[in-house]
Visitor: 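Quick one: the structure is below, questions incoming.
Sequence lines set the chain letters: A, B, ... in the order given, protein chains first and strands last, and positions in each chain run from 1.
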There are 2 protein chains.
Amino acid sequence: MSNSQPVFSVAQCPHRLLLDQIADKWSVLILGALCEKPLRFNVIKRQLEGITQKALTQSLRRLQRNGIVERRVIATSPVAVEYEITPLGRTLKEPFQALYNWTMTYLPEVERARLAFDLEINDLREAYQPTA
Amino acid sequence: MSNSQPVFSVAQCPHRLLLDQIADKWSVLILGALCEKPLRFNVIKRQLEGITQKALTQSLRRLQRNGIVERRVIATSPVAVEYEITPLGRTLKEPFQALYNWTMTYLPEVERARLAFDLEINDLREAYQPTA
DNA sequence: CAGTATCCTCTGAGATACTG
DNA sequence: CAGTATCTCAGAGGATACTG
């Protein structure tokens, strides 16, 4: 988005790192939960109502691989596993907050645009098939 | 990511708006290109080497629906279509820049984490099957 | 409890061909 | 030029069952 810079090819685009690996559907929510304090697997699962075990495992593994969360096994019986956000993970708060703020500020404007767009589409449809 | 706030259910999560509709794979690149000046369909297509017509059409239509870009038909022969970023679209520059800066700053650290993680995985594999 | 393994569905990305 | 239409195919994601 910066002016007078070359456009990145997709493969190299640094945004992809964030978008694909860290800022995806579930990860933002997981990080939001872990931001306050470390949590165990099923606690996260309960907080993110709707996520499957598979999806949670995958997201957590990916975040761990990227150094965003830390996985710690507690040798009780049955075993407990705690996930904690890393210092690196905490640095995400600023850019995510910027995104969040944008959405809060401009969501109404976006919704107006959608309404207008969809209306226009319907008008065109009606003009094409006047009596349905 | 903000402290002491309720975790959003997925459907309501305002991040989804951005992540799904505006900050996806191609849209960020398209906006990067349009940020400088309005461009025509095939010019964008050429700049984003690798995108298909279908994907470009879909992304542009979605951005248009959300009020991020404007589509303007120029009645020449053959017809020309120009896409321009809207004022609303320009407000995305700040949050996107924050994301971009994060990636630039922390990419090396993320890559170190990945290397360490992948190494550890391989070590475990070797320990399990000592002679492959 | 915290996963892994398996199956199954179904979207959605890509290639190709056609059109005003 | 700027799309639409159609087909195929891989893979993401869900449901279910099993395990240390």
Side-chain angles (χ1 to χ4, degrees), chain A residues 9-11 13 16 19-30 33-34 38-65 69-84 117 120-121 124-125 127-129, chain B residues 9-11 13 16 19-21 24-30 33-34 38-65 69-84 117 120-121 124-125 127-129:
Chain A
S9 86
V10 189
C13 175
R16 298 295 302 278
L19 265 30
D20 292 353
Q21 300 270 316
I22 297 173
D24 64 291
K25 176 174 172 174
W26 292 111
S27 297
V28 177
L29 295 170
I30 294 173
L34 291 182
L39 295 174
R40 288 168 53 177
F41 187 87
N42 276 329
V43 178
I44 304 175
K45 186 165 182 299
R46 246 168 272 134
Q47 290 204 20
L48 273 64
E49 203 181 339
I51 195 171
T52 61
Q53 288 159 336
K54 189 177 164 185
L56 181 54
T57 303
Q58 284 174 343
S59 295
L60 284 171
R61 204 64 76 241
R62 193 170 46 234
L63 290 173
Q64 186 192 356
R65 179 171 183 261
V69 306
E70 196 198 322
R71 180 179 185 271
R72 190 168 39 250
V73 178
I74 301 164
T76 54
S77 174
V79 83
V81 179
E82 204 174 64
Y83 290 92
E84 182 171 11
F117 182 89
E120 203 173 331
I121 292 286
L124 288 173
R125 287 231 177 85
Y128 184 70
Q129 289 204 345
Chain B
S9 88
V10 190
C13 174
R16 298 296 301 282
L19 266 30
D20 292 353
Q21 299 270 317
D24 65 292
K25 177 173 171 175
W26 292 112
S27 298
V28 177
L29 294 169
I30 293 172
L34 290 183
L39 296 174
R40 287 168 52 177
F41 187 87
N42 276 330
V43 177
I44 305 176
K45 186 166 183 300
R46 248 168 270 134
Q47 290 203 21
L48 274 63
E49 201 182 341
I51 195 171
T52 61
Q53 288 160 334
K54 187 177 165 185
L56 182 54
T57 303
Q58 284 173 341
S59 295
L60 284 170
R61 204 64 76 240
R62 192 170 46 234
L63 289 172
Q64 186 192 356
R65 178 170 183 261
V69 306
E70 196 197 322
R71 179 178 186 273
R72 190 168 35 251
V73 178
I74 301 163
T76 53
S77 174
V79 83
V81 179
E82 204 173 64
Y83 290 92
E84 182 172 11
F117 183 89
E120 203 175 330
I121 292 286
L124 288 173
R125 288 232 176 84
Y128 184 70
Q129 288 203 344

Visitor: Can you check the D20(B) CG to dT11(C) C1' distance for me, whole Å?
Guide: 14 Å

Visitor: Determine the contact category for E82(A): base if any of its heavy atoms lies under 4.0 Å from a base atom, sugar-phosphate if only primed atoms, P, OP1 or OP2 are that close, otherwise nothing.
Guide: nothing

Visitor: Please state whether the phosphate of dC1(C), meaning OP1 or OP2, lies under 4.0 angstrom from any side-chain nitrogen or oxygen of R40(A).
Guide: no

Visitor: Go through the steps to decide whether R62(B) and D24(B) satisfy the test side chain to side chain contact (heavy atoms under 4.5 Å, CB included), and finish with yes or no.
Guide: CA-CA 11 Å; R62(B) 192 170 46 234; D24(B) 65 292; 3.1 Å; yes

Visitor: At their closest point, which heavy atom of I44(A) faces which heavy atom of L56(A), and how far apart are they?
Guide: CG2-CD1, 3.9 Å

Visitor: Taking the nucleotide of DNA chain D with the nearest heavy atom to each, does R46(B) or Q53(A) sit closer to the 5' end?
Guide: R46(B)

Visitor: Whole-Å distance between dC1(D) P and F41(B) CZ?
Guide: 11 Å

Visitor: Quick one: K25(B) NZ to dG12(C) C1', roughly how many Å, whole number?
Guide: 11 Å

Visitor: Return the pairing partner of dG20(C) with a 3.5 Å limit on both distances, Watson-Crick or G-U wobble; otherwise return none.
Guide: dC1(D)

Visitor: When you measure from the side chain of S27(A) to the backbone of A23(A), do you find a donor-acceptor pair of N or O atoms at a distance under 3.5 Å?
Guide: no

Visitor: Using atom CG of L48(B) as one end and atom P of dG14(C) as the other, report the distance to the nearest whole Å.
Guide: 12 Å

Visitor: Quickly work out the I44(A) CD1 to dA2(C) P distance and round it to whole Å.
Guide: 9 Å

Visitor: T52(A) side chain N/O closer than 4.0 Å to the phosphate oxygens (OP1, OP2) of dG14(D)?
Guide: yes

Visitor: Rounded off to whole Å, could you give me the CG-to-P distance for the L39(B) and dG3(D) pair?
Guide: 13 Å

Visitor: Does Y83(B) make a side-chain N or O approach to OP1 or OP2 of dG3(D) shorter than 4.0 Å?
Guide: yes

Visitor: Do Q64(A) and L60(A) come within less than 4.5 Å of each other through their side chains, counting heavy atoms only?
Guide: no

Visitor: Which is true for K54(B) with a 4.0 Å heavy-atom rule: it touches a base, it touches only sugar-phosphate, or it touches nothing?
Guide: base

Visitor: Can a side chain N or O of R71(A) be found less than 4.0 Å away from OP1 or OP2 on dG3(C)?
Guide: yes

Visitor: In whole angstrom, what separates Q58(B)'s CD from dG12(C)'s C1'?
Guide: 8 Å

